[in-house]
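In what follows, a single structure is set out as structure tokens and then discussed.
First the proteins, then the strands, lettered A, B, ... as listed; each starts at 1.
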Amino acid sequence: MADKFLIIDGSSLIHRAFFALPPLTTRKGQHTGAVYGFLRMFHKLLQDVKPRWVAAAFDKSRITFRTKLYADYKGQRKPTPPELKEQFPLCMEVLRSMGVPALELDDYEADDIIGTFAKKLDPGLEVFIVTGDRDELQLIDDRTRVMYTKKGISDIKLYDKESFAADYEGLAPLQLIDLKGLMGDTSDNIPGVPGVGPKTALKLIAEYGSVENVIAHVEEVKGKSLKEKLVNNKEQALLSKELATIYTEVPGLDLTLDTYALKPLEGKTRQMMADLEFRGFFNQFGQIMGLASDVESSVAGGTSAESAEPAIKSAVSGNAAGNMEDLFVATADNRNTRNAGPETAPVPDDGMGSLFGAPVPAVRAKEIGFASQWQEVAAEIDADPSAMVWFMAETAGEIPHLRFEAARVLCGDREYLVSGSEALASFTGWLAEAPNPKGTADSKEVFRTCFCQGVEPQNIIEDIVLGAYLDDPGRSSYALADIAWHYLGQDREPDCHTLACVAEAVKQALLDKELTQLYKEIELPLIPVLARMELAGVVADEKKLDALSRDMAGKLARLEDLAKEQAGDPGFNPNSPKQLGVVLFEKLGLPVVKKTKTGYSTDVKVLEELRGKHPLVDTILQYRVLAKLQSTYLEGLKPLINRTTGRIHTHFQQTVTVTGRLSSTDPNLQNIPTRTETGREIRALFIPGKGYDWLLSCDYSQIELRILAHVSQDSLMLESFRENQDVHARTASEVFGVPLDLVSHEMRGRAKAVNFGIVYGISDFGLAVQLGCSRKEAGEFIDNYLSRYKGVKEYMERMKTLARSQGYVMTLLGRRRYLPDINNRNFNLRSFAERTAINTPIQGTAADIMKLAMLRVDAALRKSGLSSRVLLQVHDELVLEVKEAEREATAALLQTEMQNAFKLDVPLLAEVNYGKDWASAK
DNA sequence: CACCTCCGT
DNA sequence: AGCTAACGGAGGTGT
């Protein structure tokens, strides 16, 4: 095989790494997340491609040669965040210290440098280009392949001529420039032909081969408007093609191969990695690139305990488990209390996770296709009832007919691949019977599926996705592959082996952080409860929904006509904020109240101010309210009514919010309208299902403020709740200095806003906006409040100090949230982290308590033998459907369990209401 | 896909 | 000097 030359598009990859990975800073505040991600990727590439030579290319400035040509094009590049900008030179420095030339030129982009390499290098070499920029696919030829990071930094697709053709309708790589000529590329300031998107462009180029040929045959093109566009914009198309073309004749590049040969690492690289706090990284690269003599001797001599030891360890185990975790945790976590990470998972090198397509596992899984085969396997597994079983199941079908479609099972070193309906049915039953402890990745789906099959899984003692979420709820993804990347520092297939390896790391992290109890006693047991709620679903009265929707459609049509008339434009779209902005502020000349990033703001607040200046404003306000209700809650709900059950089955997400709350999707049933009259009509569509008579709702009263009273131990607040006062009125009385019985409605309203503000981590500005008063006035309210509620003030300070010193805050049940920006030099980021430090313990504890309550309610209902069932959770409210005969018993049970879910230093109050629909259960 | 707007706790 | 109340999901427009 020919020797390989690897060319790295440094600019695009660092960019990718920056957005794909969590931010990371050194103790000194140097941002290193993108450099870290880049190096991680580089390491992987060295492993997988095994190049003999490596070069990296960078853009010198963001606006360069080709884009300059069209610098006056209306679009502008988004500004590069400073945290990212500072990492480019850093990365080049690291690469150069490793002996990898990092090239940048004044007049050429990284693309051009790469293109020139690709074309000018000795034709006997194999060339690999790695990039996050699709443009570079045009460089593919017989010996040049492009590794394109499809998403994030780990999902890499290797393109050669064939795979390019497969993705681009049989086009040759170079025809990409023709495609760009027509469709343009906003991110590169390439205009293309307006109105021609990827689909049309692909069709045209597939047919005509090039932009020039499309223009030559423009008369044959079907579609009048398309033809017109092409004719009117032919110069622009040709220019766009030119802009998209990578220049491959960059002069003055050093093409001597020796310059790019990989060399052993020197001490300076080790120093640099240490400065960046990339512990362990140096040794990983060292294993591939070798070490120069100055480093080897120091390792052998054991002068540097920090790096020498891991070098030996990872050399022995042949993997880098734990390093990744160390690195990420180093920024956000409490560095003092963490123990050393590397003893996490033994990661067998099974050859998985190659960048090049499906890897072959070391040991093939045994395929199980018949029930009898599974029975044999089950007997083997059950022979040791303490043996841990890891499994991953794929499900198919819809509620109430969910079923498993395939399952992978790992027990010890035996792995099975179960398929076929009989074998899977047997497997499903086994989940409910086997004594073995089991672990998986998304157990809610397992429970849902098993419940549909009439069985209840037993001894599911691990859900790794959930565990990873508790370890750090702020991550952007909890897909198994991403979790594996995080904990193991490797690209891994999301399979049982990965699951088992990651599990060790996750379990250890939870132990270290004292999260195991929250995990085992609350979050895991909650899963089947959520699964039952989802399967139960809730009935929306479809007839009324249709009627309401028709009614609404009529009103909307009339308002739309009116709006068009008032705007003086029959093409006016009242749904378009952009068009509205033009009409209001340019055509009608109304004063601009507020601007958004991209234009005029037309939100409610703005329109309210403009009310009376033009009749259109009022029309739009009315239109907006109805349009929202119509599209989101009427038309939006319709397709989500299950055709079999006739009910709406939302999905409760347990690993989304940073504070520990649940979220609800498809549809979101946690934001059904309630405030306006029309809104309540929508809420009233939700009714008890067949066999039930009432919707019963129980909600916590002021739970967040009660938690604030508890955690702050503020004497006024404690007293207020212990005496069951109206807190907002009491606050008004304190802040405005009037006796409780003289508090006016308005004063109470303002005090209420202040109380909310406190919970959110108040600012005078925010409160002023909320109250519609001056900032000064708002500031005085706050000062007044804090001088009366001293304990609250101390609490706020305490949380900020705590966050600053340990890097995270906790809820009462120990749930953590990391605040990496708490010491950031950027005022806005720091302030945000400070407000979060105040809010999260409150909001998160409320979420904890609600979860406890759900477990208690679920258990108590089952024990009681009542047929009432929980359908929905809306943060501080549970909604159940109940039979008339069980109404009072259920209400009593519900209230008791909710109020006693957790012991605070003030009483927890929960109020029950019931009705024939959700609106009247209030 | 980013942005705006708006629904809830 | 400038920007600021916490946590979410969804629909629509326009690139």
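For Leu872(A) and dC7(B), the CG to C1' distance is 16 Å, given to the nearest whole Å. Rounded to an integer number of Å, the gap from Ile762(A) CD1 to dC3(C) P is 21 Å. Distance Lys594(A) NZ to dC3(B) P: 16 Å, rounded to the nearest Å. Rounded to an integer number of Å, the gap from Arg825(A) CZ to dA1(C) C1' is 18 Å. Distance, Ile620(A) CD1 to dT13(C) P: 13 Å, rounded to whole Å. When rounded to the nearest whole Å, the span between CG of Asn826(A) and P of dA1(C) equals 17 Å. To the nearest angstrom, C1' of dT9(B) lies 14 Å from CG of Leu669(A). Distance, Arg775(A) CZ to dA5(C) P: 11 Å, rounded to whole Å.
Residue contacts shown for Ile672(A) are limited to sugar-phosphate atoms, with no base heavy atom under 4.0 Å away. Within 4.0 Å (heavy atoms only), Asn828(A) reaches at least one base atom of the nucleic acid. Using a 4.0 Å heavy-atom distance criterion, Glu635(A) is classed as making no nucleic acid contact. Within the nucleic acid shown, Ala753(A) comes within 4.0 Å of at least one base atom, counting heavy atoms only.
Between the side chains of Thr657(A) and Ser663(A), no donor N or O sits under 3.5 Å from an acceptor N or O. Side-chain contact of Gln654(A) with Glu523(A): a donor-acceptor pair under 3.5 Å is present, judged by distance alone.
Using a cutoff of 4.0 Å between basic side-chain nitrogens and carboxylate oxygens, Lys605(A) and Glu608(A) are not scored as salt-bridged. A salt bridge is absent between Arg475(A) and Asp482(A); no separation between the charged side-chain nitrogens and carboxylate oxygens falls under 4.0 Å.
For dC4(B), the OP1/OP2 oxygens have no side-chain nitrogen or oxygen of Ser601(A) closer than 4.0 Å. For dG14(C), the OP1/OP2 oxygens have a side-chain nitrogen or oxygen of Gln579(A) closer than 4.0 Å. Regarding contacts with the backbone of dA2(B), every side-chain N or O of Lys597(A) stays at 4.0 angstrom or more from both OP1 and OP2.
Across dT5(B), dG14(C), dT9(B), the shortest atom-to-atom separation from the side chain of Val874(A) is found for dT9(B). Relative to the side chain of Phe765(A), the nucleotides dA5(C), dC3(C), dC6(B) differ in distance, and dA5(C) lies closest.
In this structure a side-chain-to-backbone donor-acceptor pair under 3.5 Å is present from Arg680(A) to Thr674(A).
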task = For Asp546(A) and Ser549(A), run side chain to side chain donor-acceptor pair (under 3.5 Å): C-alpha distance rounded to whole Å, both residues' side-chain angles, the deciding distance at 0.1 Å, then the answer.
result = CA-CA 5 Å; Asp546(A) 282 332; Ser549(A) 178; 5.9 Å; no

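Only the P atoms considered, dC3(C) is 26 Å distant from dC7(B), to the nearest whole Å. If you take atom P in dC3(B) and the same atom in dT4(C), they sit 15 Å apart, rounded to whole Å. Atom P of dT5(B) sits at a distance of 22 Å from the matching atom of dG2(C), rounded to the whole Å.
Arg624(A) is not listed as a side-chain neighbour of Asn575(A), based on a closest heavy-atom distance of 4.5 Å or more. For the pair Ile620(A)/Leu607(A), a side-chain contact is recorded, criterion being any heavy-atom separation below 4.5 Å from C-beta on.
No donor-acceptor contact under 3.5 Å links the side chain of Arg675(A) to the base of dT9(B).
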request  = Assign a letter to each nucleotide of nucleotides 6-12 of chain C from its 5' end: B, base within under 4.0 Å of a protein heavy atom; S, sugar-phosphate only; -, no contact.
outcome  = BBBBBSS

